[in-house]
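Encoded as structure tokens, the structure appears first; notes follow it.
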Protein chains: 2
Amino acid sequence: MKEGPDIAQIGALIGDPARANMLAALTGGRALTATELAAAGGITLQTASTHLSKLETGGLLAQRKQGRHRYFTLADEAVARLIESMMGLAASRGHLRHQPGPKDPALRKARICYDHLAGDFGVRMLDSLVASGSIDAIGDGLAVTAKGESDLQCIGIDVSSLKSSRRPLCRSCLDWSERRAHLAGSLGKALLANFMEKGWARRIPESRSVIFSPEGERQFLKLFPLEA
Amino acid sequence: MKEGPDIAQIGALIGDPARANMLAALTGGRALTATELAAAGGITLQTASTHLSKLETGGLLAQRKQGRHRYFTLADEAVARLIESMMGLAASRGHLRHQPGPKDPALRKARICYDHLAGDFGVRMLDSLVASGSIDAIGDGLAVTAKGESDLQCIGIDVSSLKSSRRPLCRSCLDWSERRAHLAGSLGKALLANFMEKGWARRIPESRSVIFSPEGERQFLKLFPLEA
DNA sequence: TTCATACTTCGATGGTAACCGAAGTATTCT
DNA sequence: AGAATACTTCGGTTACCATCGAAGTATGAA
């Protein structure tokens, strides 16, 4: 009667609120210490320690020791995608953790999704890239066009070097706040890195929020216009 | 500190073994009654009843009453995709529910994944369609080519009528047994329906297994050859 | 060497939820 | 109407696990 893999183990790991909060914090892409994760989960360090070892043996987390610190990250991109897609589902079912607070609008405007840009700005960027013919959207698949490759080169992104990596260049990722797709993959990562290098955007510590400077926002909106 | 949607609720729903087994059973695509799901979960009807109402209020299940029966299905395709992707992750992390039993090989060979064909045969079919130029694979995206459209017409599938539906024509779905992509979307559904109409394949009751007749298997393998 | 920081392990506690028997409701069949 | 089927609700038990204090280990700093 029991066929196939056991999803209950993974579900139970994510099903505890403290663990879920720690995983959500790690969706920010940064490696975090046990102490930081304890704060994110709203629990003491002892409790966090047992949770973290469960998550690690369950294959959801990876850790590396560095001095007396222990840095945790999501095990791989597959886990990140799972968490994100669960957030999408949770949002669509109205499972919310928060009274909409002051930080929420910023989060919906622009935030980190593992290693790329999400939120209103992330969705707008992908829409604009598709509209301008820089990216072809076929079904759920995304591919950079020749035009896109040269346009991105002008911004300072070398697409051909990104292509050589194992990781897919483009990937669409469902946005939980916008309920629309934004750009993930190595190109999504490179674009966000590019904005931060230029000083257009910076991360808020202890949060997934990404804040654009006034000038950065102006440039971003000019670079990725919306269709009329 | 609490940002974004609450994935813990959904995780907890999936995290109970009985509920996970019921959800997995529903991945077979059939609507099942509370009694059938109780058997799938290995619990009594009373316990199943409470589980099912939790899953329904949690937004994972939909139900329709029909006489004195109550038929449950997964709420929508998004839920089905979540369950499937969790199976993929669980399989890759070695979370298995079973001692590899006699039914297992059949399941790996061909099975239902919500409404389309998965397992070795499902993966082979997509590989062959891509190799023959009937489907273009761009990143994770799949698109039917002109050649594919006419080839499929010969088999008895009218692609243009499928296109008119809201649902994506092609979608790639990660296979937990093969760890490779197979074909989902309305075309995946139509192909499986086509095989069953022709008598090539039939479903096994109470299981996700799909059994091909000797003749059906011969035809299938001929229609979807592997690259040398 | 001593103190401090970062984290783990142990042990005890408490709360939650899964579970089933029994009784109750709704629908269909005869 | 009466019986049977399908399912829900209630109540009480049980078992698990998240939690934290306290003590233990490991690494770094003074």
Side-chain angles (χ1 to χ4, degrees), chain A residues 1-2 6-26 30-58 60-73 95 97 205-206, chain B residues 1-2 6-26 30-58 60-73 95 97 205-206:
Chain A
M1 93 175 114
K2 306 294 153 265
D6 185 9
I7 57 174
Q9 292 183 40
I10 292 184
L13 285 174
I14 303 177
D16 178 80
R19 284 195 293 258
N21 286 333
M22 294 194 280
L23 289 167
L26 287 169
R30 281 203 185 95
L32 298 175
T33 65
T35 307
E36 290 170 321
L37 287 167
I43 49 180
T44 62
L45 183 57
Q46 307 94 290
T47 309
S49 181
T50 61
H51 281 316
L52 288 169
S53 74
K54 282 178 189 176
L55 287 170
E56 200 198 345
T57 58
L60 297 188
L61 292 187
Q63 58 148 323
R64 55 171 211 276
K65 291 185 83 163
Q66 203 166 96
R68 55 185 159 178
H69 293 279
R70 216 157 167 183
Y71 283 96
F72 290 88
T73 55
H95 298 304
R97 259 193 301 190
E206 320 278 320
Chain B
M1 92 176 114
K2 307 291 152 269
D6 185 7
I7 57 176
Q9 293 184 40
I10 291 183
L13 285 174
I14 303 176
D16 178 80
R19 284 194 293 257
N21 286 333
M22 294 194 282
L23 289 168
L26 287 169
R30 281 204 186 93
L32 298 175
T33 65
T35 307
E36 290 169 321
L37 287 167
I43 49 180
T44 62
L45 183 57
Q46 308 93 289
T47 308
S49 181
T50 60
H51 280 316
L52 289 169
S53 74
K54 282 178 190 176
L55 287 170
E56 200 200 344
T57 57
L60 297 188
L61 293 188
Q63 59 147 324
R64 56 170 209 277
K65 290 186 86 163
Q66 202 166 96
R68 55 183 160 182
H69 294 278
R70 222 163 155 181
Y71 284 96
F72 291 88
T73 55
H95 298 304
R97 261 193 299 191
E206 319 278 319

(message) In this structure, how many angstroms lie between the P atom of C:dA17 and the CG atom of B:Leu13, rounded?
(response) 11 Å

Do [X] and [Y] come close enough that some side-chain heavy atom pair is under 4.5 Å?
X       : Y       : result
B:Asn21 : B:Ile43 : no
B:Arg19 : B:Lys54 : yes
A:Ile14 : B:Ile14 : no

Nearest heavy-atom pair of [X] and [Y]: which atoms, and what distance?
X       : Y       : answer
A:Ala40 : A:Ala25 : CB-CB, 3.8 Å
A:Ala34 : A:Ala48 : O-CB, 4.4 Å
B:Met22 : B:Leu55 : CE-CD1, 4.5 Å

(message) Please identify the 5'-most and 3'-most nucleotides of DNA chain D with any atom under 4.0 angstrom from a heavy atom of chain B.
(response) D:dA4 to D:dT9

(message) What residues from residues 62-71 of chain B pass a heavy-atom cutoff of under 4.0 Å to DNA chain D?
(response) B:Arg68, B:His69, B:Arg70

(message) Check whether B:Arg64 reaches the backbone of B:Tyr71 with its side chain - one donor and one acceptor, N or O, closer than 3.5 Å.
(response) no

(message) Can a donor-acceptor pair be found, under 3.5 Å and without considering hydrogens, that links the side chain of A:Thr57 to the backbone of A:Ser53?
(response) yes

(message) Protein within reach of the bases, or only the backbone? For nucleotides 9-15 of chain C, mark each nucleotide 5' to 3' as B, S or -, using heavy atoms under 4.0 Å.
(response) B------

(request) Rounded to the nearest 0.5 Å, what's the gap from CZ on B:Phe72 to CG on B:Leu37? Could you check? (result) 7.0 Å

(request) Would you classify A:Ala18 as touching base, sugar-phosphate or nothing, given that sugar-phosphate means primed atoms plus P, OP1 and OP2, and contacts are heavy atoms under 4.0 Å? (result) sugar-phosphate

(request) Decide side-chain contact (heavy atoms from CB on, under 4.5 Å) for A:Leu23 and A:Leu13; before the verdict, give the C-alpha distance in whole Å, the side-chain angles of both, and the deciding distance to 0.1 Å. (result) CA-CA 10 Å; A:Leu23 289 167; A:Leu13 285 174; 6.0 Å; no

